[in-house]
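For reference, the structure is listed below as structure tokens.
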Amino acid sequence: QVQLVESGGGLVQAGGSLRLSCASSGRTFSSYTMGWFRQAPEKEREFVAGISWNGGSALYADSVKGRFTISRDNSQKKVYLQMNSLNPEDTAVYYCGRAATVGVATTPERYTYWGQGTQVTVSS
């Protein structure tokens, strides 16, 4: 059974930065696309960023391009989300997911495992 555990969330002022981490159990972490999604109250879960199995390609939501960077360390079985220039609209619970696709998937239906989420709150 695969488990994903996010960490690194918290409260930050607008303009600040946070780095989220997601640690995975299981032996085949390096074979799968990984992604970050977020969900604000009363909103749908939305794609933030995704990275291919070897880190060779990454996709970002338009709302975070140029501010967020996704990366992974297959030897540590971890994926990261560096978030800079945060604004209050980034406030949400952030979830790490593992997809079962070859390419980077941008819809939650393509992800088969999820972490419990970590809260990010950006104050104005």
### Query
Should the heavy atoms of other residues, nucleotides or ligands under 6.0 Å from CZ of R45 be counted, would the total exceed 12?
yes
#### Entry: Closest non-hydrogen atom pair, G9 against T118
N-OG1, 3.2 Å
### Message
Is the shortest side-chain heavy-atom distance between S24 and V2 below 4.5 Å?
### Response
yes
### Task
Could you list the residues that satisfy side chain to side chain donor-acceptor pair (under 3.5 Å) with R67, not counting sequence neighbours?
D90
### Task
List the steps and the verdict of side chain to side chain donor-acceptor pair (under 3.5 Å) for T121 and Q119.
CA-CA 6 Å; T121 303; Q119 177 70 47; 3.3 Å; yes
### Query
Can you list the steps and then say if V122 with Q13 is a side-chain contact (heavy atoms from CB on, under 4.5 Å)?
CA-CA 5 Å; V122 184; Q13 287 189 331; over 6 Å; no
### Check: R72 side chain, S52 main-chain N or O, donor-acceptor pair, under 3.5 Å
yes
### Query
Any side-chain heavy atom of L86 within less than 4.5 Å of one from F68?
yes
### Message
The test is side-chain contact (heavy atoms from CB on, under 4.5 Å); show your working for Y80 and T69 and say whether it passes.
### Response
CA-CA 8 Å; Y80 304 97; T69 302; over 6 Å; no
### Query
Between atom OG of S31 and atom CZ of R98, what is the distance when rounded to the nearest 0.5 Å?
8.0 Å
### Task
Side-chain contact test, heavy atoms from C-beta onward, threshold under 4.5 Å: evaluate it for Y60 versus V48 and give yes or no.
no
### Query
Looking only at heavy atoms, what is the nearest atom pair of G103 and T33, with distance?
O-OG1, 3.2 Å
### Task
With the side chain counted from C-beta on, respond yes when L59 and T106 share a heavy-atom pair under 4.5 Å apart, and no when they do not.
yes
### Message
With clusters defined by side-chain heavy atoms of hydrophobic residues (ILVMFWY) lying less than 4.5 Å apart, directly or transitively, does V120 cluster with V93?
### Response
no
### Side-chain heavy atoms of R19 within contact of L81, under 4.5 Å
no
#### Entry: By side chain to side chain donor-acceptor pair (under 3.5 Å) - contacts of S30 (at least two apart)
none
### Side-chain heavy atoms of P108 within contact of F47, under 4.5 Å
no
### Task
Identify the two heavy atoms, one from Y32 and one from A99, that lie closest to each other, and give their separation to 0.1 Å.
CD2-O, 3.1 Å
### Message
Just to verify, what does N84 make a side-chain contact (heavy atoms from CB on, under 4.5 Å) with, not counting sequence neighbours?
### Response
S17, Q82
### Pairs where residues 48-60 contributes a residue and the test salt bridge (charged side-chain N to carboxylate O under 4.0 Å, His left out) is met, not counting sequence neighbours
none
### Task
Please list all pairs passing the ring pair (Phe, Tyr, Trp, His ring centres under 6.0 Å) test where one or both residues lie in residues 89-124, with sequence neighbours left out.
F37-Y111, F37-W114, Y111-W114
### Closest approach of D73 to S75 (non-hydrogen atoms, all atoms of both residues)
OD1-OG, 2.5 Å
### Summary
S63 meets the side-chain contact (heavy atoms from CB on, under 4.5 Å) criterion, sequence neighbours left out, with R38, A61
### Query
Just by modelled atom types, is the Q3 backbone N or O under 3.5 Å from a matching donor or acceptor in the S25 side chain?
yes
### Task
For L20 and S7, run side-chain contact (heavy atoms from CB on, under 4.5 Å): C-alpha distance rounded to whole Å, both residues' side-chain angles, the deciding distance at 0.1 Å, then the answer.
CA-CA 6 Å; L20 305 183; S7 61; over 6 Å; no
### Message
Nearest 0.5 angstrom please: I70 CD1 to C96 SG, how far?
### Response
8.0 Å
### Query
Looking at side-chain heavy atoms only, is the closest gap between S71 and V79 below 4.5 Å?
no
### Message
When you group the ILVMFWY residues by side-chain heavy-atom contacts below 4.5 Å and let the links chain together, are W53 and W36 in the same group?
### Response
no
### Task
State, to 0.1 Å, how close A14 and S124 come at their nearest heavy-atom pair, and which atoms those are.
CB-CA, 4.3 Å
### Message
With a 3.5 Å distance limit and no angle check, can you tell me whether E6 reaches the backbone of Q116 through a side-chain donor-acceptor pair?
### Response
yes
### Query
Do M34 and V104 touch side chain to side chain, with heavy atoms closer than 4.5 Å?
no
### Message
side-chain contact (heavy atoms from CB on, under 4.5 Å), that's the test. Do N74 and F29 meet it? Break it down for me.
### Response
CA-CA 7 Å; N74 286 344; F29 174 82; 3.2 Å; yes
